[in-house]
> 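I have a structure here, written as structure tokens, and I will follow up with some questions on it.
Letters A, B, ... are given to chains in the order of the sequence lines, protein chains preceding strands, and every chain is numbered from 1. Any value given below was found using the heavy atoms of this structure, including those in side chains, with hydrogens, waters and symmetry copies removed. Please read these numbers as outputs of a predicted model, since none were measured by experiment.
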Amino acid sequence: MEYNFNEIEKKWRKYWQENNTYVAKIDSEKPKYYGLSMFPYPSGAGLHVGHPLGYIASDIYARYKRLKGFNVLHPMGYDSFGLPAEQYAIQTGQHPAVTTEENLKRYRSQLDKIGFSFDWSREVRTSDPQYYKWTQWIFKQLFAAYYCNDASKAMPIENLVSVFEKEGNTSVNAVTAYETEFSAEEWNAFDAKQKDAVLMDYRLTYLADSWVNWCPALGTVLANDEIVNGVSERGGHPVEQKLMRQWSMRITAYAERLLKGLDKLDWSDAVKDIQRNWIGKSVGASVNFAVADHDEEIQVFTTRPDTIYGVSFMVLAPEHELVTQITTDEYKDEVNAYQQKAGLKSERDRMADTKTISGQFTGAYAVHPLSGEKIQIWIGDYVLASYGTGAVMAVPCGDQRDYDFAKHFEIPIKNIFADVSIEEEAYTEKKGKIANSDFLNGLEVAEAIQKAIEVLEDKKIGKAKTNYRLRDAVFSRQRYWGEPFPVYYDNGVAKTIEDQFLPIELPEVDKYLPTPDGKPPLGNADNWFWDTEKNELVGRERAEEEHVHPMELNTMPGWAGSSWYFLRYMDPHNEKAFVAKEKVDYWSNVDLYIGGAEHATGHLLYSRFWSMFLNDMGHIPFEEPFKKMINQGMILGRSSFVYRDKASGKFISFGKRKEYKVARLHVDINIVDNDKLDIEAFKASREEYANAEFILEDDGTYICGNEVEKMSKSKFNVQNPDDLVEKYGADTLRMYEMFLGPIEQAKPWDIKGINGVNNFLRKLWRLFHDQDGNVNLSDDKADAKALKSVHKTIKKAQEDMDRYVFNTSVSAMMICVNELTEQKCNNKTVLQDLVVLLAPYAPHIAEELWSILGNEGSVNDATYPVCNEDYLVEDAFEYPVSFNGKMRFKVELPNNLSKEDIEKEVLAMEKSQKYLEGKAPKKVIVVPGRIVNIVV
RNA sequence: GCCCGGGUGGCGGAAUUGGUAGACGCGCUGGAUUCAAAAUCCAGUUCUUUCGGGAGUGCGGGUUCGAUUCCCGCCCCGGGUACCA
């Protein structure tokens, strides 16, 4: 029998399904392994070969762990809420659930063909009410919690309430936006609405008027991580700042823990760095500057309190709340004009234009808190309202932006650095000695910072402070296709619906667009009012009844459901809890997570935040969800091009294109083989090409140009995995994707090499069969050569697995098959080891060969072979002999020789004499088993 | 600008601790087999050469008996970030 991959793969996929081969159960006898791949958003375009790359690696590792005796959890599901399905719904009126279901089926059939060991009985979908019931529940948990700085963790909000009742908030050290102090008496005197407003400022998810990124084209607000270069990540639409009442997540409470936790994680430095920068911790001090002739104070944040004597002016953000108050009449018009101008600038313009220096003097002065000097107060758009306090103390000698500003507006620059020239530019190094600074004179920067803070705190004009760039995350979206909030508004006060009535299911609407008066799409729903007596959703007609209240019209963002899905896999059908304690105690956190680095500031940060929170509340036993992570690189497409002469319309072959004025056109890679165009197929591909004329190469072929770019439909360079599975089999596809190169590296997809991997599998097949295709195996004792070949491979495969490298193992197995073929080895024990090594990579053929070898059951239940070093012992080594570091010849010498003997042997050789040219060697380096180097 | 990756044949890539640069695969060249083709098998394939050699891992230096690997400076490509005080 020939290697018939289609038949074999079908057979074993059926076997796996019928035998529940990949269904995971808790087994306390075995160590657990949780291997996870980032779940996909099921887009309409289906999978291309780039998508499964990470899944294949993840699958290989999961299968390997099982062979190593681990109890493996390897699930898959869908992030099935999202914008594209909704955009499609707006265009076509088709319910997003319907489109999503269709896409999802296609995904599943594509995934199934690749032979993954997913436990599909654990599939989750974020848009399934039985799933988002628990997303709503977690939201409620966050709503009912605040962050206690003393305990450094989240706590139930009731605890806070009882403190307020007894002591007010003066002794409370919590993360909050609430700045006013109140006593117990005052608290107890507040009415329900007031109390509610106060608590809102403490809750970990809260409703607040905040400046949000509003994207008119998408009709929704976006989180910072959903904006790239000032436009929406999805669709590239402009985004503007808007003040809106929105749900937010107080992720800033976790800034320090999110930062510190990174040190313990086995993630790529790239992603850890991205998160560190995103969190953006800076340590310094806040300092208060009194405004001359006003009662107001301006608070600034600085990382360099040591340079406080170098302050020669102050700059406020144009939007700063004090600007209008302090501006003198004389400057009112100019300041107004500047504010207008700055306000008109979009975020994007402001970013694009960082070189132009602009600002406006307010006419007001601040008083230097130490020297008492009067300093000018300016406004300038280089100061951002959203960072720190929206105001800076300008130290032109130590900050380039302040320096440039000062030069531009001819503001004096004071040098407070000893022995440093600031003629040309600011001195921004964080070292050296401070001068002209009273009590700081002569101190090194580090000491000066300490001292400055001490004095500021002493005089009560400032204090040590740490700032983070991380902002709270906006959690509302003005969209339809997302989780509804379990929230209704009683007289304007947000109330959550009791757990027993969850899930609150997404209502039907007849239009997916905002309502005519600009409310989110849920405003179109008829049945979107909460009856607090019957605890059910009721219709608009009863809206006036006293116990009927309007529901929240926003939905949750895409990252809500994906922030905890890895927990649900452990216990996907639980109706009593989001995950049962014994399940999460057993499976614990993810051992290996494979997915894209593009989620660094979104999903990967939010998941960590929610895990920390759920851990704080005692729901899960760990605070970091993903112990180790690998980021697979993108697989790029290799596009092909034809060149059309602009004058004649003829298609010019690559080699001759420069002789003409040509336009470059993408051509479908499926009609190009090894850069040669299939001319007939090209003519048939489009009507307008039917009578195309060509200028060919001299050998009569049409050669296409090529370029590596992103894989996309519009570039005609998409490779669909289904076609390849059809043509070469899933095992070949899996191995080829690994063979392409290191998993983490971006690399171009090139179909050319795939038959090499297919050849390898066929060659392996032939080891088990004679020329007529009959099974032909030997039970004899394996010979030393064959044992060496296979144990060498075991060693390599094991080493590669230990460092999560997949490409070189494929090479090693190829070498092994080449060697065994040469040895005409058909020995069962030798081949069996090889089959188990191969099983994680090419599971279908491995199953077939495993059964051909006479084994019962699945190769998944085999044991991973262990390398026996005894088989690898060599008694001789072929030494490369170098002269002055250049390899000249090789000589085989027995391994039992001493260094001295080797040296003697080599020097005595005729060839050595030739390179020595009669001279005595200056030095001879002998590294046994490695190299001999002779210095002449 | 700053922070991370990366740069090796015609191509994807290998070289794990400083020790034979180019494993493995593709492609290409030649040969065997075949009526022919596919498939398969064998041999060759970094460049250069006067066939003795010589050069060679982005460029320039350095350390070393020996550098793709370590150090210094620079160039290019990819990703992240962007007035963060």
> B:G78 C1' sits how many Å from A:K710 NZ, rounded?
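Rounded to whole Å, this separation is 13 Å.
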> So which nucleotide from B:G12, B:U20, B:G27 ends up closest to the side chain of A:I931?
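Minimum distance to the A:I931 side chain belongs to B:U20.
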> Relative to A:W278, does A:R469 satisfy both conditions: NZ or CZ under 6.0 angstrom from the six-membered ring centre, and within 45 degrees of the ring's axis?
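Flagged: A:R469 positioned over aromatic ring of A:W278.
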> Under a 3.5 Å cut-off for both contacts, is B:G30 paired Watson-Crick or G-U wobble with anything, and if yes, with which nucleotide?
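Its partner is B:C42 (Watson-Crick or G-U wobble, both distances under 3.5 Å).
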> Measuring from the side chain of A:T302 (C-beta onward, heavy atoms only), which nucleotide among B:A85, B:A15, B:G27 has the closest atom?
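Among the listed nucleotides, the one closest to the side chain of A:T302 is B:A85.
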> Would A:S268 and A:E744 count as a side chain to side chain donor-acceptor pair (under 3.5 Å) if you check the C-alpha gap in whole Å, the side-chain angles of each, and the deciding distance to 0.1 Å?
CA-CA 10 Å; A:S268 72; A:E744 276 155 306; 5.7 Å; no
> Would you say B:U40 has OP1 or OP2 under 4.0 Å from some side-chain N or O of A:N759?
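Looking at the OP1 and OP2 atoms of B:U40, one of them is under 4.0 Å from a side-chain N or O of A:N759.
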> Below the 4.0 Å mark, does B:A15 have OP1 or OP2 next to a side-chain nitrogen or oxygen of A:R930?
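So the side-chain polar atoms of A:R930 never come under 4.0 Å of the phosphate oxygens OP1 or OP2 of B:A15.
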> Any strand is fair game: report the nucleotide pairing with B:C35 by Watson-Crick or G-U wobble, both distances under 3.5 Å, or none.
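The answer is none; no pair meets the criterion.
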> Looking only at side-chain N and O atoms, does A:T601 come under 4.0 Å of OP1 or OP2 in B:G80?
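For B:G80, OP1/OP2 do not have a side-chain N/O of A:T601 under 4.0 Å.
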> Counting side-chain heavy atoms from CB outward, which of B:G12, B:G5, B:C84 is closest to A:L384?
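Nucleotide nearest to A:L384's side chain: B:C84.
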> Return no unless some side-chain N or O of A:N818 is found under 4.0 Å from OP1 or OP2 of B:C24.
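So the side-chain polar atoms of A:N818 never come under 4.0 Å of the phosphate oxygens OP1 or OP2 of B:C24.
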> Considering all heavy atoms of both residues, which atom of A:G595 and which atom of A:M38 are nearest to each other, and what is their separation?
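Looking at all heavy atoms of both residues, the shortest contact is CA-SD, 3.6 Å.
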> In whole Å, measure the gap between the C1' atoms of B:U17 and B:C42 for me.
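So the two C1' atoms sit 39 Å from each other.
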> Any idea which heavy atoms bring A:C867 and A:L872 closest together, and the distance?
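Shortest heavy-atom contact: SG-CD1, 3.8 Å.
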> Taking the same atom, P, in B:G25 and in B:C41, what whole-Å distance lies between them?
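It works out to 11 Å between them.
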> Is it the case that the side chains of A:N818 and A:K763 hold a donor-acceptor pair, with the cut-off being a distance below 3.5 Å and no angle test?
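Note: A:K763 and A:N818 side chains meet the donor-acceptor criterion.
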> Rounded to whole Å, please give me the gap between NZ in A:K281 and C1' in B:A85.
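Rounding to the nearest Å, NZ of A:K281 and C1' of B:A85 are 17 Å apart.
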> So which nucleotide from B:C24, B:G5, B:A85 ends up closest to the side chain of A:V383?
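Closest of the options to the side chain of A:V383: B:A85.
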> May I ask which nucleotide in the shown strands pairs with B:A15, Watson-Crick or G-U wobble, both distances under 3.5 Å?
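Partner of B:A15: none found under 3.5 Å.
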> Is a donor-acceptor pair below 3.5 Å formed from side chain A:K796 to base B:U16, judging by atom type as modelled?
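Result: at least one qualifying N/O pair found.
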> Counting heavy atoms from C-beta on, name the nucleotide in B:C65, B:C83, B:U20 closest to the side chain of A:D381.
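Output: B:C83.
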> Mind checking the P distance from B:U16 to B:C65? Whole angstroms is fine.
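Nearest-Å result for B:U16 against B:C65 at atom P: 22 Å.
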> A:F877 side chain: which of B:G12, B:C65, B:U20 is closest?
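Closest nucleotide among those given: B:U20.
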> Could you state the NZ-C1' distance from A:K792 to B:C24, rounded to the nearest angstrom?
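To the nearest whole Å, that distance equals 12 Å.
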> Can you work out whether A:I815 or A:R304 has the more 5'-proximal nearest nucleotide on RNA chain B?
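The residue closer to the strand's 5' end, by nearest nucleotide, is A:I815.
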> Give a yes/no answer on whether the side chain of A:R762 brings an N or O atom under 4.0 Å of OP1 or OP2 in B:U40.
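True: A:R762 side-chain N/O within range (under 4.0 Å) of B:U40 OP1/OP2.
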> When you compare B:A23 with B:U34, how far apart are their P atoms, in angstrom units rounded to a whole number?
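33 Å, rounded to whole Å.
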> Measure the distance from CD1 on A:I934 to P on B:U64 and round it to the nearest whole Å.
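So the two atoms are 21 Å apart, to the nearest Å.
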> Can you find a pair of side-chain heavy atoms, one from A:T808 and one from A:E799, that are under 4.5 Å apart?
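They are not in contact (no side-chain heavy atoms under 4.5 Å apart), so the answer is no.
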> Under 6.0 Å between ring centres, would you say that holds for A:F409 and A:F313?
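No - the distance between ring centres of A:F409 and A:F313 does not fall below the 6.0 Å cut-off.
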> Please give, in whole Å, the distance from B:C26 P to A:Y728 OH?
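Rounded to the whole Å, the gap is 12 Å.
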> Looking at A:R469, does any N or O in its side chain come under 4.0 Å of the phosphate oxygens OP1/OP2 on B:A82?
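Answer yes for this pair, as a side-chain N or O of A:R469 is under 4.0 Å from OP1 or OP2.
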> If the cut-off is 4.0 Å, is A:K747 near the phosphate of B:G12, judged by side-chain N/O to OP1 or OP2?
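Negative; the distance criterion is not met.
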> Nearest of B:U16, B:C83, B:A14 to any side-chain atom of A:T808?
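Side chain of A:T808 sits closest to B:A14.
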> Tell me which of A:P742 and A:M393 sits closer to the 5' end of RNA chain B, going by the nucleotide each one is nearest to.
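It is A:P742, whose closest nucleotide lies nearer the 5' terminus.
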> On a whole-Å scale, what distance lies between the C1' atoms belonging to B:G58 and B:U8?
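Comparing C1' positions in B:G58 and B:U8 gives a spacing of 10 Å.
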> Is there a Watson-Crick or G-U wobble partner for B:G5 with both distances under 3.5 Å, and if so, which one is it?
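Here B:G5 is engaged in a pair, and the nucleotide opposite it is B:C77.
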> Look at the side-chain N and O atoms of A:Q745 and state whether any lies under 4.0 Å from the OP1 or OP2 oxygen of B:G5.
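For A:Q745, the contact criterion (side-chain N or O under 4.0 Å from OP1 or OP2 of B:G5) is not met.
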> Is the base of B:C4 touched by the side chain of A:D273 through a donor-acceptor pair closer than 3.5 angstrom?
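Between B:C4 and A:D273, which were checked side chain against base, a qualifying N/O pair under 3.5 Å is absent.
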> When the ring planes of A:F289 and A:H368 are compared, do they come out parallel, tilted or perpendicular, using 30° and 60° as the limits?
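Taking A:H368 first and then A:F289, their aromatic rings stand perpendicular (interplane angle over 60°).
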> What's the closest nucleotide to the side chain of A:L740 if the choices are B:A21, B:G12, B:G27?
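Among the listed nucleotides, the one closest to the side chain of A:L740 is B:G12.
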> Using the P atoms only, state how far B:U69 lies from B:A15, rounded to an integer number of Å.
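Roughly 15 Å separates the two P atoms.
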> If you compare every side-chain N and O of A:R401 against the phosphate oxygens of B:A82 (OP1, OP2), does one of them come in below 4.0 Å?
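No, no such contact exists.
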> Now, which nucleotide makes the Watson-Crick or G-U wobble pair with B:U64, with each of the two distances under 3.5 Å?
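Matched B:U64 with nothing under the 3.5 Å cut-off.
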> B:G52: syn or anti, with syn meaning chi within 90° of zero?
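That one's syn.
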> Measure the distance from CD1 on A:I703 to C1' on B:G10 and round it to the nearest whole Å.
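Distance, rounded to whole Å: 13 Å.
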> Could you state the CE-P distance from A:M814 to B:G12, rounded to the nearest angstrom?
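Distance check: A:M814 CE to B:G12 P gives 17 Å.
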> Could you tell me how far B:A14 sits from B:G7 if I compare only their P atoms? Round to whole Å.
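The same atom, P, in both gives a distance of 9 Å.
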> Among B:U40, B:G19, B:C84, which nucleotide has an atom closest to any side-chain atom of A:I925?
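Closest nucleotide among those given: B:G19.
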> To the nearest Å, give me how far apart CH2 (A:W278) and C1' (B:C2) are.
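Spelled out: CH2 on A:W278 to C1' on B:C2 is 16 Å.
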> When you compare the side chains of A:Y468 and A:T252, does any donor N or O come within less than 3.5 Å of an acceptor on the partner?
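No.
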> Quick one: look up who B:C51 pairs with, Watson-Crick or G-U, both distances under 3.5 Å, and put none if it's unpaired.
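With both distances under 3.5 Å required, B:C51 matches none.
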> Anti or syn, where syn is a glycosidic angle within 90° of 0; which label fits B:G9?
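You should classify B:G9 as syn.
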